[in-house]
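The structure under discussion appears below in the form of structure tokens.
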Amino acid sequence: MKPKISVVMPVYNASKYLHEAIQSILNQTFSDFELLILNDNSTDDSLEIIQDFIKNDNRIILKNKDQNIGPALLRNEGFESSKGEFIALMDADDIAHPKRFEKQIAVFNNNSEIGVCGTWYTMFGENIVEYEFKQNEFHEAIKVKLLYESCIGNPTAMIRKSVLHNQKYNPEMVPIEDYDLWTRLINITKFYNIQESLLRYRWHETNITKSKEENSKKMHQIVFTNQLKEFGIDLNTPNLNLILDTIFYRKRYSSKDIFTILENKKFLIHQNRIIKKYDFDLFEKQLNLTAIRTFSKCKDFNLKLFLYFYKNEKNNFNKIKLTLKIKIFLKSLFRFSKN
């Protein structure tokens, strides 16, 4: 009989935390699952730990690799090998809440249109203060947020296998291959995040290296730009960064660039009303929040920008605190007097 859930867990030299991670899956209150553990040619005691668990639980299926291929390809192999109606993702150093599967299956059972279900998660580890990552709950808000960052915690995700089709992780997008996958699946199925932390995400020094961080920035740029294609934007435009920063604030800009960003905002809102991809109100709200912050953080305030924002961004201008408006005005006036 096929299990309801296939849990996909890549493992590479995870012996320090592996026992706790596996045990948190075996302790799930929803027990109709298979646990596919893909050991990526570990050189520590990971294999021995997995084999000890197998002796006592026949739900565990081990796939042992004779060469290291990386987590993206391992998860793809897990997708292909899975027998369950749903696929649950899990990392070898995290801890799942005992009711994680039970609550996610309840979401799927009550909402046939939902294909991806994540949860909040709690980051913990040595020398850090525990922090709960809260994510948007509903599909339309998740879709807008995916324009600029991932809002589905990969090891919290459960996927309805039928929505995957040929979609899988792209190993060339490491270390944000999950973000890339979500931006593709969001066009195929509905997303949902349970508003409760159902996973403890372990942070340790090996999570991100400097090289990974640099590669992450490059891959983020690719994911960002791929999502702009539907707006009819030329991805070779020299001002592409100004379009990206119209959606989400990333750095301070000059007044000249801010004029361009505000024009970009009008264009993106207009295009979205044509392509009808993003909820009009949520999309416009995000761009307005970015416009306010971009204006407030201007590098070189001047009266021309101040008056333009006052006249053409009236609603956004009114949302700025009075004390900040006075400060911006005085800076603009001072620059005017100097000129």
Side-chain angles (χ1 to χ4, degrees), residues 3 5-28 31 33-84 87-98 100-101 121-128 153-159 168-181 199-216 219:
I5 302 171
S6 293
V7 187
V8 176
M9 180 190 287
V11 173
Y12 177 68
N13 288 350
S15 62
K16 187 175 181 180
Y17 309 115
L18 185 56
H19 187 282
E20 197 170 12
I22 294 175
Q23 194 63 59
S24 75
I25 296 300
L26 300 182
N27 288 343
Q28 291 293 304
S31 59
F33 62 81
E34 61 176 354
L35 173 55
L36 303 176
I37 302 181
L38 301 105
N39 180 37
D40 203 14
N41 196 29
S42 295
T43 57
D44 63 0
D45 297 331
S46 294
L47 180 58
E48 288 77 9
I49 293 170
I50 299 166
Q51 289 172 333
D52 283 342
F53 272 106
I54 289 175
K55 294 175 185 176
N56 300 307
D57 201 312
N58 59 12
R59 292 175 297 178
I60 301 174
I61 300 169
L62 171 64
K63 291 184 177 293
N64 204 35
K65 312 303 292 185
D66 56 10
Q67 60 180 357
N68 186 272
I69 64 172
L73 291 177
L74 288 175
R75 291 192 183 101
N76 288 342
E77 185 175 332
F79 285 179
E80 294 169 4
S81 302
S82 61
K83 299 175 182 175
I87 297 172
L89 301 173
M90 181 67 184
D91 288 344
D93 52 359
D94 296 334
I95 304 169
H97 187 283
R100 176 193 160 188
F101 292 172
Y121 59 93
T122 303
M123 183 174 285
F124 77 106
E126 296 179 8
N127 303 318
I128 69 165
N154 194 60
T156 77
M158 187 178 289
I159 306 167
K168 54 187 177 181
Y169 291 97
N170 181 353
E172 294 182 3
M173 297 301 294
V174 172
I176 62 160
E177 67 273 22
D178 56 326
Y179 180 25
D180 172 62
L181 178 62
L199 182 111
R200 289 176 62 77
Y201 178 91
R202 192 186 302 272
W203 176 265
H204 45 86
E205 291 183 358
T206 57
N207 282 102
I208 294 183
T209 63
K210 189 173 182 179
S211 61
K212 279 185 179 179
E213 190 173 353
E214 287 301 314
N215 198 47
S216 177
M219 296 304 106

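Given the structure is predicted, the values throughout are model-derived calculations rather than measurements.
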Between D44 (side chain) and A14 (backbone), is there a donor-acceptor pair under 3.5 Å?
yes

Identify all side-chain donor-acceptor contacts of residues 66-75 below 3.5 Å with residues at least two apart in sequence or on another chain.
| residue | atom | partner | partner atom | Å |
| --- | --- | --- | --- | --- |
| N68 | ND2 | D40 | O | 3.2 |
| N68 | ND2 | D40 | OD2 | 3.0 |
| R75 | NH2 | D91 | OD1 | 2.9 |

Could you work out, with side chain to side chain donor-acceptor pair (under 3.5 Å) as the rule, every residue matching N41, not counting sequence neighbours?
none

ring-ring contact (aromatic ring centres under 6.0 Å, His included) filter on F124, not counting sequence neighbours, yields none

Is any side-chain heavy atom of L47 less than 4.5 Å from a side-chain heavy atom of L62?
yes

Distance col, row I176:CD1 vs N154:CG, nearest 0.5 angstrom, shows 12.0 Å

Y169: what forms a ring-ring contact (aromatic ring centres under 6.0 Å, His included) with it, not counting sequence neighbours?
F79

Excluding sequence neighbours, so at least two apart, what forms side-chain contact (heavy atoms from CB on, under 4.5 Å) with A21?
M9, M90

Expected output: side-chain S216 to main-chain P175 donor-acceptor under 3.5 Å
no

Mind checking the OG-CD spacing from S6 to E80? Nearest 0.5 Å is all I need.
13.0 Å

Those residues at least two apart in sequence (or on a different chain) that pass salt bridge (charged side-chain N to carboxylate O under 4.0 Å, His left out) with E20 are R202

All side-chain contact (heavy atoms from CB on, under 4.5 Å) counterparts of D57, not counting sequence neighbours
L26, R59, I60

With sequence neighbours excluded, tell me which residues meet side-chain contact (heavy atoms from CB on, under 4.5 Å) with S81.
L36, K63, E77

In this structure, CG of D94 is separated from CG of L89 (nearest 0.5 Å) by 11.5 Å

Tell me the ring pair (Phe, Tyr, Trp, His ring centres under 6.0 Å) pairs involving residues 44-64, sequence neighbours left out?
H19-F53

Counting C-beta onward and ignoring hydrogens, is there a side-chain heavy-atom pair between R100 and Q28 closer than 4.5 Å?
yes

Interatomic distance, N215 atom CG to E172 atom CD [nearest 0.5 angstrom]:
10.5 Å

Does any non-hydrogen side-chain atom of M219 lie less than 4.5 Å from one of D180?
no

Under the ring-ring contact (aromatic ring centres under 6.0 Å, His included) test, residues paired with F101 that sit two or more places apart:
F33

Mind checking what makes side-chain contact (heavy atoms from CB on, under 4.5 Å) contact with N27, not counting sequence neighbours?
Q23

I need the I50 CD1 to I37 CD1 distance, nearest 0.5 Å.
5.0 Å

Do the side chains of T122 and R200 get nearer than 4.5 Å, heavy atoms only?
yes

For S46, does its backbone N or O pair with a side-chain atom of Q51 as donor and acceptor, under 3.5 Å?
no

Results of salt bridge (charged side-chain N to carboxylate O under 4.0 Å, His left out) for D52 - residues two or more places apart only:
K55

Separation between CD1 (I54) and CD1 (I22), nearest 0.5 Å, reads 8.5 Å

